[in-house]
There are 2 protein chains.
Amino acid sequence: MKVKLEDVAKRAGVSPTTVSRVLNNRGYISDKTRQKVEQAIEDLNYYPNDIARSLFKKRTNFIGLVLPTINNPFFSELALYIENICSEMGYKVILCNSLLQMDKEKAYARMLIGHQVDGIIVCTYNRGVEAYKQPKLPIVAIDHYLSPTIPVVGSDNYTGGKMAVQHLIDRGCKSIIHINGPVELETPTQMRRKAYEDLVENPITYELIDLFDEEYEAVSIRRILKKHPEADGIFASDDLIAATCLKVANELNIRVPEQLKIVGYDGTATIKRLLPHLTTIQQPIEEIAKTSVSKLMNLIENPDCNETLETFLPIELLINETT
Amino acid sequence: MKVKLEDVAKRAGVSPTTVSRVLNNRGYISDKTRQKVEQAIEDLNYYPNDIARSLFKKRTNFIGLVLPTINNPFFSELALYIENICSEMGYKVILCNSLLQMDKEKAYARMLIGHQVDGIIVCTYNRGVEAYKQPKLPIVAIDHYLSPTIPVVGSDNYTGGKMAVQHLIDRGCKSIIHINGPVELETPTQMRRKAYEDLVENPITYELIDLFDEEYEAVSIRRILKKHPEADGIFASDDLIAATCLKVANELNIRVPEQLKIVGYDGTATIKRLLPHLTTIQQPIEEIAKTSVSKLMNLIENPDCNETLETFLPIELLINETT
DNA sequence: GTGAAAGCGCTAACAG
DNA sequence: CTGTTAGCGCTTTCAC
């Protein structure tokens, strides 16, 4: 049997109430009693049961974090910051990889609500998860609109897209291709696409249907590059796609940046480390994490507060050797 | 106020027990009653409170996952698999980034125990976290020895190291350098180092003290390469270090693989995608995840079972253009 | 300063 | 087939 508060009380020769008081530093306790209790806690190697505490307090200090897959440098960096900040504040993070599947995301939402999480941070792109519509459930979305009442935190994707494309133009590109994920997902990359289409005269946008199949991705990009020998610039909607473009260009003996210039998007620490020569748009990932958590905490502490519904943090163009 | 089981019972005109029974599919219930209850659940949009359930059952279906940082391709891939498997089995994962700091790790351990997790998977390298020694707390360690009674799952690091070094030798390298993390951390990379030192005549091993500071890492590697112009092979203890070697070699105009051959270690999906030309030792990450989870589940279901204490899964040499 | 008692939301004997 | 009751481990009024 696990040691419980009552055992500590018995051992210290006091009542459960008293033990609870020293545990929570509440009310008046004589030094002597406090010491007896602390001694008993140590002797018995007692760990307070947070489940029982949560049940009573109706506060679990749990946060749900729902993202497409943690195995993506952007999300893993975001998750690292979010978890770090939360743990500093005494919150614990439940990790959920939705794999962009609606049924999984719904199941996660139910699970999180059942577990009485104090709030949820969602960075995945499925609308219509009814469970998120629980009244009074604090939610913050990263980089996409979940519903009209849920605050969104993200970076300025439209400006980011413009900066990327303008940079290619400035570098002399005449024929710029854009490669993006599926349109039907309401991802932030759609704003990057829009910027591209607004800036370029004859936009040529390609969609990669399955973002999780890199084999397919490489094949598609090979096809695209073969079909467009005139292309001298690529704006990829994220760095992983840019990396594949780089690889394919290499295989096809297309010299980068001489014949073809490539700009990615995200600028994670991992990319900067593994692909330091990639020109990219860097998102303020740490700021996004901080802002989301602080908004969520605000919503939790103060349920009726009117959080600003949209926050777009500035991005930065990192010029390297691929342009 | 949140809807609770009692509200559902009232609405359906039955007792709480009955509601609980339909929720858990236990005992006999007439179809009529079941339907009334289900209707009430839907009407009220009721979500059972798992906290209360856990308190009663003494089972939370929570798993703690402690790792150095999720923002590392190896750990994020591992975490993805682990979380996926757990969620299939109805378990939820609490993410903990220890950042290799002892005090953080201790705090996480206390937190996890306080939250009554059913088990913990630890992939970080600090021994001496007393809290892990809670009797009857199911723990599985990935890739390192936590204590004599805790099962370890990992890949065959010694053989992996040998394969890497032998490959360099086979490719004609005469002067091979090894670059590793700090020795005092009891990481699995120490076995890779040992293999290197056993295989090479005049081993030259360098330690990078701060694994989180890439600036420092690049500077150190630059110094190493300048000091050893005779070096024609590098065995890096992980792919991130290998990537930095590649970058530095590039800056110093050392041609890879002609003048210098480089082998990394880990072979994550991310590396294969971003650095497809890197020769590396690929770990069976999905297998490691599966094995760890299944061992942990076994320990949870069957506390006195004698799990095999060591499981080492086979690795694979991926030959690419850096050798 | 300290304790007794009620209750957080749910489940499982045990009756009927 | 269904309801009554007690209790999971903790916290908090309210007395003393």
Side-chain angles (χ1 to χ4, degrees), chain A residues 1-38 40-41 44-62 90 110-118 134, chain B residues 1-38 40-41 44-62 90 110-118 134:
Chain A
M1 231 30 272
K2 265 179 187 156
V3 214
K4 48 193 190 184
L5 188 137
E6 201 189 323
D7 303 324
V8 176
K10 275 194 187 122
R11 167 122 191 172
V14 298
S15 77
T17 317
T18 305
V19 178
S20 171
R21 279 209 262 270
V22 343
L23 245 31
N24 298 287
N25 251 310
R26 193 186 306 290
Y28 299 94
I29 304 147
S30 72
D31 267 7
K32 220 177 13 186
T33 321
R34 158 169 278 123
Q35 277 177 9
K36 271 193 305 187
V37 172
E38 278 167 352
I41 288 177
L44 297 174
N45 194 227
Y46 168 70
Y47 287 74
N49 183 329
D50 280 323
I51 293 292
R53 221 179 254 199
S54 296
L55 179 59
F56 185 91
K57 294 226 180 148
K58 297 163 179 300
R59 262 304 209 91
T60 55
N61 282 27
F62 267 117
R110 292 194 75 82
M111 180 276 274
L112 292 172
I113 294 170
H115 260 282
Q116 316 297 111
V117 294
D118 294 338
Q134 282 284 90
Chain B
M1 234 28 273
K2 266 180 188 156
V3 218
K4 49 193 187 184
L5 187 138
E6 201 189 322
D7 303 323
V8 176
K10 274 193 189 125
R11 169 124 190 170
V14 298
S15 78
T17 317
T18 305
V19 178
S20 170
R21 279 208 261 270
V22 343
L23 244 33
N24 298 289
N25 252 311
R26 194 186 306 288
Y28 299 94
I29 304 146
S30 72
D31 267 7
K32 219 175 19 183
T33 322
R34 158 170 277 122
Q35 277 176 11
K36 271 192 307 185
V37 172
E38 278 167 352
I41 288 177
L44 297 174
N45 194 227
Y46 167 69
Y47 287 74
N49 183 330
D50 280 323
I51 292 293
R53 223 179 252 201
S54 296
L55 180 58
F56 185 89
K57 293 225 180 152
K58 297 164 179 300
R59 263 300 211 93
T60 56
N61 282 26
F62 267 118
R110 293 195 74 83
M111 180 275 275
L112 292 173
I113 293 171
H115 261 281
Q116 317 296 112
V117 294
D118 293 338
Q134 282 284 90

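All figures in this text were calculated on a predicted structure; none of them were measured in a lab. Residue numbers begin at 1 in each chain, while the letters A, B, ... track the order of the sequences.
Distance B/K2 NZ to C/dC8 C1': 12 Å, rounded to the nearest Å. Taking atom CD1 of residue A/I41 and atom P of nucleotide D/dC10, one finds them 10 Å apart after rounding to whole Å. Residue B/D31 contributes atom CG, which lies 9 Å from atom P of D/dC1 at whole-angstrom precision. One can place CG of A/N25 at 17 Å from C1' of D/dC10, the figure rounded to the nearest angstrom. Straight-line distance from the NZ atom of A/K32 to the P atom of C/dT2: 8 Å, rounded to whole Å. Atom CG in A/N24 sits about 16 Å away from atom P in C/dT2, given to the nearest Å. The distance between atom CD1 of A/I51 and atom P of C/dC8, rounded to the nearest whole Å, is 18 Å. A straight line from NZ of A/K57 to P of D/dT12 spans 5 Å, rounded to a whole angstrom.
Contact annotation for A/D50: no contact, since no heavy-atom pair falls under 4.0 Å across all strands. When heavy atoms are screened at a 4.0 angstrom cut-off, A/T17 is found touching base atoms of the nucleic acid.
Considering only side-chain atoms of B/Y28, the nucleotide from C/dC8, D/dC1, C/dT11 that sits closest is D/dC1. Of the candidate nucleotides C/dC10, C/dA13, D/dC8, C/dC10 has the atom nearest to the side chain of B/Y46. Listed candidates were C/dA12, C/dT2, D/dT2. Nearest to the side chain of B/T18 is D/dT2. In this structure, the nucleotide among C/dG1, C/dG9, D/dC1 sitting nearest to the side chain of B/K4 is C/dG9. The nucleotide whose nearest atom lies closest to any side-chain atom of A/F56 is, among C/dG9, C/dC8, C/dT11, C/dC8.
The phosphate of C/dT11 (OP1 or OP2) has a side-chain N or O of B/R53 nearer than 4.0 angstrom. Remark: B/N49 is not in phosphate contact with C/dC8, judged by side-chain N or O atoms under 4.0 Å from OP1 or OP2. OP1 or OP2 of C/dT11 lies within a sub-4.0 Å distance of a side-chain N or O belonging to B/S20. Using a 4.0 Å cut-off, some side-chain N or O of B/K58 falls inside it from OP1 or OP2 of D/dG9. Applying the 4.0 Å criterion to OP1 and OP2 of C/dT2, one finds that A/T33 has a side-chain N or O inside that range. Taking only side-chain nitrogens and oxygens, A/R26 comes nearer than 4.0 Å to OP1 or OP2 of D/dT12.
Between the base of C/dG3 and the side chain of A/R21 there is a donor-acceptor pair shorter than 3.5 Å.
A parallel orientation is assigned to the rings of A/F62 and B/F62, their planes being inclined by less than 30° (bins at 30° and 60°).
Put simply, CG on B/D50 and CE on A/M111 are 9.0 Å apart, with the number rounded to the nearest 0.5 Å.
Between A/P48 and A/R53, the closest side-chain pair of non-hydrogen atoms falls below 4.5 Å. When side chains are defined from C-beta on, B/I41 counts as touching B/L23, because their heavy atoms get closer than 4.5 Å. Counting heavy atoms from C-beta on, the side chains of B/V37 and B/R21 never come closer than 4.5 Å.
For A/R34, the CZ atom sits in a packed shell: over 12 heavy atoms of surrounding residues, nucleotides or ligands are nearer than 6.0 Å.
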